[in-house]
Novice: 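Got a structure here, written out as structure tokens. Questions coming.
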Amino acid sequence: MPEFVLFGYHLNTYWFMFALAVVFSLGLSVYRARWYPISAGKAVLITALFVLYGYAGAKLLYMIETPSASLSLTGGMSFFGSVYFIPAAMFLTVCVLRVGYGAAMDFITPYVPLILAFLRVGCHFNGCCAGRPITAFGITFIPPVQLMECGLDVLICLLLFSLAWRKKWTGLRYPIFMVSYSVVRLLMEPMRNTPKELFFLSRGQWLSILSLLIGGGLLLAGRHRRTAA
């Protein structure tokens with residue numbers, strides 16, 4: 001992986017971006033805790049555990065998809081593992097910390113696309129998750145899908161932050177993330193250099209469809225309950 005030198009230390013670009021995203025998220029947690037029924041200490045702890053769960057979920061799904069892969073902590077990851085694992089792991093966490101599940105999920109949800117945006121910059125420098133050659137009007141080029149997705153992830157993050165002031169979306173921000181991110185991945189995957197081996201779709205596209213269905217179902221169910229109430 002590409003490295004750069006900072007104060008005499010050789011740092012891996014991808015994992016430096018990950019560390020930067022984590023530090024930024026933890027800093028935001030202290031600031032945002034005042035608007036949630038969560039103390040600053042618990043906000044930082046929840047965010048730290050969320051990062052751990054996200055990493056574990058991404059690593060677990062990658063190992064399932066690639067059984068021959070090594071157990072290296074810095075090896076490959078599959079992000080949709082985070083999408084599916086975080087809600088389950090956070091449910092157990094809030095029971096221990098005695099924090100409302102909906103409030104905790106609303107609190108950490110914007111950090112998911114935020115961290116992913118940082119990671120996509122790392123992907124760009126690392127050369128992974130790259131685009132495939134596309135020919136148009138006699139010109140062949142490789143779209144910078146990592147940076148394109150980074151920009152869209154930032155937009156999702158800003159959307160989720162803006163919903164913090166709208167009470168009607170309380171408890172529904174994670175399903176909103178699932179739906180919006182699934183749409184982004186469905187747009188990006190055709191341009192990515194990934195095998196389209198399952199009925200002409202990549203694994204990322206199938207996982208996006210599953211996430212879209214689950215998130216959409218949760219969103220509709222949540223809105224229906226609010227309307228009925």
Novice: Any donor and acceptor pair, going by atom type alone, linking the side chain of Tyr111 with main-chain N or O of Val51 inside 3.5 Å?
Specialist: no
Novice: Does Ser25 form a side chain to side chain contact (heavy atoms under 4.5 Å, CB included) with Leu114? I'd like the steps, not just the answer.
Specialist: CA-CA 8 Å; Ser25 298; Leu114 175 64; 3.8 Å; yes
Novice: Measure from the side-chain N and O atoms of Arg203 to the backbone N and O of Glu65, and report whether any donor-acceptor pair falls under 3.5 Å.
Specialist: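 Yes: the side chain of Arg203 pairs with the backbone of Glu65.
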Novice: Taking CZ in Arg34 as the centre, count heavy atoms belonging to other residues, nucleotides or ligands within less than 6.0 Å. Is the count above 12?
Specialist: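 More than 12 within 6.0 Å, yes.
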Novice: Report the C-alpha separation of Leu160 and Ile156 in whole Å, then their side-chain angles, then the decisive distance to 0.1 Å, and conclude whether the side chain to side chain contact (heavy atoms under 4.5 Å, CB included) test is met.
Specialist: CA-CA 6 Å; Leu160 294 171; Ile156 294 175; 4.0 Å; yes
Novice: Taking side chain as C-beta onward, heavy atoms only, is Met90 less than 4.5 Å from Ile46?
Specialist: yes
Novice: Within a strict 4.5 Å, meaning less than it, do heavy atoms of the Leu219 and Met178 side chains meet?
Specialist: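 They are not in contact (no side-chain heavy atoms under 4.5 Å apart), so the answer is no.
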Novice: If you count heavy atoms of other groups shown closer than 6.0 angstrom to CZ of Phe141, is the number above 12?
Specialist: yes
Novice: With sequence neighbours excluded, what pairs up with Tyr181 under the ring pair (Phe, Tyr, Trp, His ring centres under 6.0 Å) test?
Specialist: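 Tyr181 satisfies ring pair (Phe, Tyr, Trp, His ring centres under 6.0 Å) with Phe79, Phe80, Phe177 only.
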Novice: Please examine the side chains of Met105 and Ile108, heavy atoms only from C-beta on, and report whether any two atoms are closer than 4.5 Å.
Specialist: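 A side-chain contact exists here, since the closest heavy-atom pair is under 4.5 Å.
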Novice: So Tyr55 and Phe18, would you call those rings parallel, tilted or perpendicular, with 30° and 60° as cut-offs?
Specialist: tilted
Novice: With a 3.5 Å distance limit and no angle check, can you tell me whether Ser211 reaches the backbone of Leu207 through a side-chain donor-acceptor pair?
Specialist: no
Novice: Listed by chain and number, what are the ring pair (Phe, Tyr, Trp, His ring centres under 6.0 Å) partners of Phe161, not counting sequence neighbours?
Specialist: none
Novice: Look only at the side chain of Tyr101 and the backbone of Pro87, and say whether a donor-acceptor pair between them is shorter than 3.5 Å.
Specialist: yes
Novice: Does Val44 offer a backbone N or O that forms a donor-acceptor pair with the side chain of Ser29 under 3.5 Å?
Specialist: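 No.
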Novice: Any donor-acceptor pair under 3.5 Å linking the side chain of Ser182 with the backbone of Ser208?
Specialist: yes
Novice: Could you walk me through whether Leu28 and Phe24 satisfy the side chain to side chain contact (heavy atoms under 4.5 Å, CB included) test, starting with their C-alpha distance in whole Å, then the side-chain angles of each, then the deciding distance to 0.1 Å, before giving a yes or no?
Specialist: CA-CA 6 Å; Leu28 277 176; Phe24 190 52; 4.0 Å; yes
Novice: Give a yes or no on whether the backbone of Gly122 and the side-chain of Gln146 come within a donor-acceptor separation of less than 3.5 Å.
Specialist: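 No.
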Novice: Of all heavy-atom pairs between Ala104 and Val99, which one has the smallest distance, and what is that distance?
Specialist: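 In terms of heavy atoms, the two residues are closest at CB-CG1, 4.3 Å.
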Novice: Any sub-3.5 Å donor-acceptor pair from Ser39's side-chain atoms to Lys42's backbone N or O?
Specialist: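 Looks like yes, one N/O pair under 3.5 Å.
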Novice: I need the single residue from Lys196, Arg192, Glu189, Arg185 that forms a side-chain hydrogen bond (donor to acceptor under 3.5 Å, both in side chains) with Ser202. Which is it?
Specialist: Glu189
